[in-house]
Structure formats: structure tokens, C-alpha cells
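Numbering starts at 1 and runs along the sequence shown.
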Amino acid sequence: MNTASTNLQFSGLTRCLIEKGLLTESDAQIHSQEAQKKQVPLIHYLVTNKLISSKVLASQASQEFGMPFFDLDAIDFRRLPINLVSEKLIRKCHALPLFARGKTLFVAVSDPTDFRALDDIKFHSRLNPEAILVEEDKLIKAIEASLEAADTSMTDMLDEDLDNLEITGGEEDTTKADINSDIDDAPIVRYVNKILLDSIKQGVSDIHMEPYEKIFRIRYRSDGILRQVATPPASIAGRLVSRIKVMSKMDIAERRVPQDGRIKMTLSKNRAIDFRVNTCPTLFGEKVVMRILDPTSAQLGIEKLGFEPEQQRIFLEAINKPYGLVLVTGPTGSGKTVTLYTGLNILNTMERNISTAEDPVEITVEGINQVNMNPKAGLTFASALRAFLRQDPDIIMVGEIRDLETAEIAVKAAQTGHLVLSTLHTNDAPQTLNRLLQMGIPAFNIVAAVNLIMAQRLGRRLCEHCKVPADFPDKVLLAAGFKQEELHDLKIFSAVGCEYCTNGYKGRVGVYQVLTLTDKMRSLILNGGNTDQLAECALAEGFNDLRRSGLNKVRMGMTSLEEIDRITKE
């Protein structure tokens, strides 16, 4: 082989492969021409066409250039800083940003001699790229996976995109007035769009816009806690509210009564977010609250909800029964809808007919027949339930049992071969049984129909990056509810706060009281037992109450004692 000729035609990693005898010069010439036609790097062409092993390629590059290679299987694609480089450049350079440190950007490459690609990244990112050697086949998969993750999470949304978001309103256009040009001026449009986008990126559940005499306050509810994020001038409050009313197709001329609307924001081909919007007239203008309805929230998987193993087993057993009533209870914002939809997603198969009645539908799921309540038109939970029973149902979900009529139909459906899932607003599981009795449901129907009652709360998770061990006196821990035998190996953590979290917490975890009716509990209900007696019986039968379930989460290091005190305070 003429080495001088090879050096003239090829360089870098390709030259190394020829010199090692892994690739002939003539083959390299042919494959190089084919790669140019397909506009892909030669190394990419060789690996995808199985002309050379990805591992062999990485091994040769490592030996020749003295670089260890990194295993891309060890990274979380959702955490990569690919917003520092455009998708177009990542594909063109066939390089993937891994992490940034100061002015240095570490980039995964399969050909560390492709200096032109590194120069392009340096020019566009204004950072100094440092090549990290990886296997080509894994790099191909990693680029696609990380770009798909970014497309879904919208972490690469740039300021110039704010004017071009695809936003649609509700189904009915109730706008009665001409739209004032002030409402649609560019700064207001961009500001509102940024508020909505930031809320999605930060995983916010609600946005509050509140007018006062001298200020206009915007707050986000994150992990169940409200925090202030902006105070735009009070002079533009009316224009901001009007812009939101236009987006959600409300009547912008009507400011004296509350209104409801809906906004749909299409973020990408894979993701759209709905905002449920409500306005309410206050002393100094209209307050706006937007609930963010993210369909992906119901796709967590049952393992991520926070069930203890025995609780998860009982829940799955209950929803897989062919008939009966499953009730989930808790305050607004405690995650009842997500829990129910997690169960419905498990049950959602081709063989089952599933219908839901909700006010309103918060999470849309393909394969489930979902009905929005419309009391003005006469469509109530009770009337929807009656219609469902004439449509050959297998599983019915009722958004909330609010009255005797709905409760009676739900209980009757559960006793006649249908699985019925619903929610009530009570503090714990035993109170739910008494609530049904107070509504007027006979005790014998309750014990015959109810499969499972589950109370729940959402507690904030401790941040794994900054949580620290906490030292509490034994008497404090005993007073909190821990048992004496648990104290000797008890490890408790407290919140601190860092760049990765909010005040020491990141995300939330469910705290559950999962209760099935035992023979003793059925007997107690039939004999007119009160809530306290039912609660004592449940504990004696081995069912943890909310407080005990919360303390278990503290023992596992998931959350803090302060957080459990907050959500389970009597």
C-alpha cells in the first residue's frame, strides 16, 4: 500500500483504518463517494451499512488518539443541554452535547478528527467544544432519542418562537366584542405566551393572575405551593386579561360575571397542552386562574404514583374485578384524576368499553369515550350515567359523586355487572363510607357495591441533590407518630434548597390510605358504626391511615417530616 498516496486522499480516522488494514484504499474511495451522495459522514456510512463494527471503530480511535471512550447508555437523554446547539447543527455535525462546564461544552463524537464539526459547534454555541469519544451506533440512537425528548419537553423553545405558537381556543366562540388592537399588540402577545411556556417548562399545575390597587401579581403553583414569579405594571393588567380572554374565546366585553374558557397550545408534533381558564371579577379587576392539563401526567405508570407494595396490589386487584365501586377521595389538587386515569390506562384494551363523565374532561385518552358535563343543556353526571348504562359499558368513570341521584345510579351500576370508578370530597376513607350513608345510600347497598376506598394526598419530594440528614429528639419523633422500635435505625432528611429544586423539593409523591371492606367493617357499617369506629377498625385490620403512610415515606427518605405534617395535619 502506498502510504503517501493514502495520506493525500484520506486523513484522520479513515487514514488510521486504512493503515491498520481494516479498510482498503479503494473501498474507502468508493464508500466515501456513497457517503457524500447521502450527505452523511463516512464513519456513519460504514457503521450503518455494517461495513465495520462500531466497537472496532471506537477501539481503533481510542488507541490511535489516546482517548478513552464513553458509554452513552449511562446518560439520561432528557437532561442533555442540547438547547445550546440547534437540531440542524447536531445532525450536520453528527455530534451530541453532553454537558457544559464554564465555557467548555463536552460533545459526544464518533470521529474525534472531524475538526470542521467542532469548529462549527464552537462558532454557533460560543463555547469551546471538547470531544468525547463514543461508539457510532450508540451515538446515532442517542441523537434521535435526545432530540425526541427535547421535542416533547420543549426545552429548546427560543424567544423568537413566542410569536409563532399554535394556539386555539375552546370549542364555542362566545366572543361578543370586536377585538381592540391593544389586545393583540406584539409585546402583550409575547408576554402572555412566555408566561404560558415558562409554566409548562417548570411543571406548574396552575397560573394565578391577580389584580390589586397598585400591583398586578402573577403566581405559579408548583408542587402544591404558590410562588410569585412576576409583577407586571398594574396599568397593563386589563390588556393581559383581555388577551387571555380572547385566546380562550370568552366575551371580552363582559367583566361583571365569572367566565370559563379553554386554551389549546400545540408545542410540537408530539405534544399539546390544554389550559382550563376561569375569570372572576374582583375589587380591582378580573382575576384569572389557569389550570394546566397535561395529558402526559396520566402516563406516569402505577409504579411512580407512590403506592406501597401492598397498597398497589390491593388497588390493581380492585380495578381488575369485573364489577364493583372504586372510590378515590381527597381535596382538590390531591391527584385523584391522575390516579383514576392511571387505572383506566391499565384497563384500556380493545376488549373493553370504557366511558367517563367529567366536569370538565382534564386528560384526553384515545380508546376511552369521554363526556363533558353541560348542566345548562341538561347533561349532568346522573343523565350521563343513565346514557352509559344503555351503551353496553364494561367500565364507567364518574368525575365526582355530588348528589344522591348520581350516587344511587353509580351503586346500582356497580351491583349489576359494571366496574365504576369515581371520586368524593372527604378527608379520609372511613369518612367516605359515612358520606354515602348521609347522602341516603342504604348501608346494605354500600357493603354490597364498594370494592375499594382510597384517600390520597400529594407531598413534595425531597431533592436528591441537596437533602441532608435531620436530627430530631426521640420524644418529637414519638409524638409525630413513629413507634419506639422504629427509632434505632430511623434516618430522616430535611430540605435545603439548590439550583435543581425549589426550596429543597422537586416533584411530588402520593400518600395513600387504601381500604377494602373486610367482614368486620361490613358488619360495623350495617350496625350503624360511626367514622371513628370505622377508622379504628381499619387500623386494627392492618390498613395504614394517611398519617402512617406519610411517615413511611419519611422513613424511606422520599419526603420530610415537615411536609407530612403539612399535608396530614388534623
Side-chain angles (χ1 to χ4, degrees), residues 11-14 16 40-44 57-58 61-136 138-162 190 194 197-198 200-203 229-230 267-268 463-467 496-504 506:
S11 61
L13 187 53
T14 310
C16 171
V40 295
L42 175 58
I43 301 304
H44 178 89
L57 187 68
S62 177
Q63 292 175 25
E64 182 71 14
F65 305 109
M67 297 175 66
F69 62 87
F70 178 73
D71 188 359
L72 282 174
D73 289 338
I75 65 168
D76 183 352
F77 300 129
R78 296 169 298 179
R79 296 182 178 272
L80 298 184
I82 62 171
N83 56 313
L84 298 176
V85 181
S86 69
E87 176 181 347
K88 184 178 179 181
L89 192 63
I90 288 173
R91 295 191 184 279
K92 176 188 172 187
C93 299
H94 198 57
L96 183 64
L98 295 178
F99 62 96
R101 183 182 296 157
K103 288 290 184 181
T104 303
L105 179 63
F106 294 88
V107 183
V109 296
S110 57
D111 183 359
T113 63
D114 189 354
F115 301 114
R116 180 179 295 178
L118 296 175
D119 287 341
D120 284 347
I121 292 172
K122 181 176 182 178
F123 177 78
H124 286 89
S125 68
R126 298 180 183 176
L127 296 171
N128 299 316
E130 184 80 30
I132 303 289
L133 183 61
V134 298
E135 295 173 53
E136 169 64 18
K138 291 183 178 180
L139 178 60
I140 295 169
K141 293 177 182 176
I143 287 175
E144 293 304 322
S146 58
L147 289 174
E148 183 178 345
D151 183 41
T152 303
S153 67
M154 292 305 294
T155 54
D156 58 347
M157 179 66 73
L158 303 175
D159 285 344
E160 54 264 30
D161 297 317
L162 293 174
R190 289 170 59 82
K194 182 166 176 55
L197 274 176
D198 285 348
I200 295 167
K201 290 179 184 178
Q202 296 177 34
V229 294
L267 298 175
S268 68
C463 174
E464 293 297 329
H465 292 92
C466 66
K467 68 180 183 181
V496 178
C498 67
E499 59 181 316
Y500 299 102
C501 65
T502 303
N503 299 326
K506 181 72 173 177

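In this structure, CG on L96 lies 11.5 Å from CD1 on I132, to the nearest 0.5 angstrom. Note that SG of C93 and CD1 of I143 are 9.5 Å apart. Values are rounded to the nearest 0.5 Å. Distance check: K141 NZ to E144 CD gives 12.0 Å after rounding to the nearest 0.5 Å. The CG atom of N128 sits 12.0 Å away from the CD1 atom of I121 when rounded to the nearest 0.5 Å. Separating the CZ atom in F115 from the NZ atom in K122 is a distance of 13.0 Å, to the nearest 0.5 Å. Here the OG-NE2 distance, from S110 to H94, works out to 4.5 Å after rounding to the nearest 0.5 Å.
Nearest heavy-atom pair across Y500 and H465 is CD1-CG, 3.6 Å. In plain terms, the two heavy atoms of G497 and C466 that are nearest each other are N-SG, 3.3 Å. Between L105 and A100, the shortest heavy-atom contact is CD1-CB, 4.1 Å. Among all heavy-atom pairs drawn from A131 and V109, the shortest one is CB-CG2, 3.8 Å.
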Check your understanding: Should V107 and L98 be marked as a side-chain contact (heavy atoms from CB on, under 4.5 Å) after you check the CA-CA gap, both sets of side-chain angles, and the distance that decides it?
Key -> CA-CA 6 Å; V107 183; L98 295 178; over 6 Å; no
Practice item. Kindly determine whether F106 and R101 satisfy side-chain contact (heavy atoms from CB on, under 4.5 Å), including the steps that lead there. Key: CA-CA 8 Å; F106 294 88; R101 183 182 296 157; 4.1 Å; yes
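The number of heavy-atom neighbours closer than 6.0 Å to CG of D120, taken from other residues, nucleotides and ligands shown, is above 12.
With contacts defined as side-chain heavy-atom distances shorter than 4.5 Å, the pair I90/P97 qualifies.
Residues satisfying the salt bridge (charged side-chain N to carboxylate O under 4.0 Å, His left out) criterion with K138, sequence neighbours excluded, are D71, D73, E135.
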